[in-house]
Novice: 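The structure's right below; bear with me while I get my questions together.
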Amino acid sequence: MAATVASTKDDRLTLIAISALGCILQDVLHEGLGHGVTAWLSGAHRVTMSTVALQCDIDTRLISANGTVANLVFAAIFWLLLLRPQHYRPATRYFLVLAMAGNLFTGTGYFLFSGVFNFGDWAAVIRGLQPQWAWQLGLVVLGLVSYYGAMLLVAAKLTAFHRFQANDKSSRRLRGLCWTPYFTDGTLAGLAALFSPLGLFYMVASALPSTLGANAGLLSLPSMMRKSRPTQEEQVGPIRRSAPWIATALVASLLFILVLGRGITWSR
């Protein structure tokens, strides 16, 4: 009986590894592909990319906006990849769901964050536009609507992982699948930000809000999905211990914290 029960559980270490890779991916897409590549193509002569921000010698609305744009574009790509989920093993499918969720929550969450606090990427995008209060209010409304829509999309893709049993009314599996990435992302982002050349201010003002704040939807998803039920054919099996996922996440996390955390500079 003990062996049977254990075999139905997701491996926690593999969940943490997949969560770490999802966190790193959305951060690199946001700072590197979104902000960094746009700055370089816009004519910047010096670009410094870290886990919390991008610094360059030019400043445009397009550079500020494209971090979010990159996240939303790749969220759409991961959503398309999940249209045929039967092609993937449970671990791969979970990674794709987390990658979609992380990019959606970061992208839509930035609208709300900048609208409320007048800080961050979209505060820079609307700076100088009048009336300022109306633009901020628009960001808040857009953020609320789009973030809730993102939660619905993620919940739809997570439904197949929901294993409801009569003695498991608290949706224990969903809590593990949603809360593990939330706390993994926060820990990883905080550790990397400690090495940031920008100082502790950006860890408090950017790194932690952009992970713990943006991913807050993960904490609510298990309650939101309490009544959702997959069919027997749709249900995803347990995520087994995977040395490749764990090893890849370990290497990627060390590079993320010790290399990207300190910042990488390109110049021409």
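Everything numeric in this text was worked out from a predicted model, so none of it was measured.
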Novice: Looking only at atom types and distance, does a side-chain atom of Y88 sit under 3.5 Å from a main-chain N or O of L81, one as donor and one as acceptor?
Specialist: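 Pair found, side chain donor or acceptor close to backbone of L81.
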Novice: Could you go through the side chain to side chain contact (heavy atoms under 4.5 Å, CB included) check for R173 and H162 one step at a time?
Specialist: CA-CA 7 Å; R173 187 188 194 196; H162 195 347; over 6 Å; no
Novice: Would you give the length of the straight line joining atom CZ of F111 to atom CG of L142, rounded to the nearest 0.5 angstrom?
Specialist: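 If I round to the nearest 0.5 Å, the distance is 5.0 Å.
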Novice: Would the distance check show the side chain of R89 and the main-chain N or O of I239 forming a donor-acceptor pair, the cut-off being under 3.5 Å?
Specialist: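 Not at all, since once roles are kept as given, no pair shorter than 3.5 Å links the two residues.
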Novice: Report, as yes or no, whether the 6.0 Å neighbourhood of atom CH2 on W40 holds more than 12 heavy atoms from other residues, nucleotides or ligands.
Specialist: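 Yes, because the 6.0 Å sphere around CH2 of W40 holds more than 12 heavy atoms from other groups.
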Novice: Which pairs pass side-chain hydrogen bond (donor to acceptor under 3.5 Å, both in side chains) with one or both residues in residues 66-84, sequence neighbours excluded?
Specialist: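 Pairs touching residues 66-84 that pass the test: H30-N71, T38-N66, T68-W122, N71-N103.
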Novice: Under 3.5 Å, side chain of T48 to main-chain N/O of Q55, donor-acceptor pair present?
Specialist: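 Between the backbone of Q55 and the side chain of T48 there is no qualifying donor-acceptor contact (under 3.5 Å).
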Novice: Checking R61 side chain against V125 main chain: does a donor-acceptor pair fall under 3.5 Å?
Specialist: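 Flag set: sc R61 to bb V125 pair under 3.5 Å.
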Novice: If every non-hydrogen atom of L218 is compared with every non-hydrogen atom of W179, which pair is closest and at what distance?
Specialist: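 Reported closest heavy-atom pair: O-CD1, 3.7 Å.
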Novice: Between CZ of R262 and OG1 of T51, what distance do you get to the nearest 0.5 Å?
Specialist: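 Those atoms lie 11.5 Å apart.
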Novice: To the closest 0.5 Å, what do you measure between OH (Y110) and CZ (F113)?
Specialist: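 Between atom OH of Y110 and atom CZ of F113 there are 6.5 Å.
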Novice: Give a yes or no on whether the backbone of A192 and the side-chain of S196 come within a donor-acceptor separation of less than 3.5 Å.
Specialist: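 No, S196 side chain to A192 backbone: no donor-acceptor pair under 3.5 Å.
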Novice: Taking atom CZ of R240 and atom CG of D10, what is their separation to the nearest 0.5 Å?
Specialist: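 Those atoms lie 9.0 Å apart.
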Novice: Is the backbone N or O of M49 less than 3.5 Å from a side-chain atom of E31, with the two atoms forming a donor-acceptor pair by type?
Specialist: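 Between the backbone of M49 and the side chain of E31 there is no qualifying donor-acceptor contact (under 3.5 Å).
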Novice: Is a donor on one side and an acceptor on the other found under 3.5 Å between the side chain of D11 and the backbone of T14?
Specialist: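 It does hold such a pair.
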Novice: Take M224 and L152 through the side chain to side chain contact (heavy atoms under 4.5 Å, CB included) test and state the conclusion after the steps.
Specialist: CA-CA 9 Å; M224 181 178 176; L152 292 177; 3.1 Å; yes
Novice: side-chain hydrogen bond (donor to acceptor under 3.5 Å, both in side chains): which pairs involve residues 242-253, sequence neighbours left out?
Specialist: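 As it turns out, there is no side-chain hydrogen bond (donor to acceptor under 3.5 Å, both in side chains) pair with a partner in residues 242-253 once direct neighbours are skipped.
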Novice: Working to the nearest 0.5 angstrom, can you tell me the gap between L174 CG and R226 CZ?
Specialist: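 The CG atom of L174 sits 10.5 Å away from the CZ atom of R226.
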Novice: If I take atom CG from residue L98 and atom CG from residue L25, how far apart are they, to the nearest 0.5 angstrom?
Specialist: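 Here the rounded value is 10.5 Å.
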Novice: Does the side chain to side chain contact (heavy atoms under 4.5 Å, CB included) test come out yes or no for T187 and L191, once each step is laid out?
Specialist: CA-CA 6 Å; T187 301; L191 288 173; 4.0 Å; yes
Novice: Please determine whether side chain to side chain contact (heavy atoms under 4.5 Å, CB included) holds for the pair I63 and I58, giving the CA-CA distance in whole Å, both sets of side-chain angles, and the decisive distance to 0.1 Å.
Specialist: CA-CA 9 Å; I63 294 172; I58 61 173; 3.8 Å; yes
Novice: Is there side-chain contact between L41 and V37, with at least one heavy-atom pair below 4.5 Å?
Specialist: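 They are in side-chain contact.
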Novice: I want to check something: taking the side chain as every heavy atom from C-beta on, are I126 and L129 in contact at a cut-off of under 4.5 Å?
Specialist: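 I126 reaches L129 side chain to side chain.
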Novice: What are the two closest heavy atoms between S64 and D121, and how far apart are they?
Specialist: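 Closest approach of S64 to D121, heavy atoms only: O-CB, 3.4 Å.
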Novice: For the side chain of Y94 and the backbone of I18, is there at least one donor-acceptor N/O pair under 3.5 Å apart?
Specialist: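 No, the answer is negative, given that no donor and acceptor are paired below the 3.5 Å cut-off.
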Novice: Do Y147 side-chain atoms and L104 backbone N/O form a donor-acceptor pair below 3.5 Å?
Specialist: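 No.
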Novice: How is the hydrophobic cluster of I246 composed, in terms of its other members, when Ile, Leu, Val, Met, Phe, Trp and Tyr link through side-chain heavy atoms under 4.5 Å apart, directly or indirectly?
Specialist: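 Direct or chained contacts put I246 with L13.
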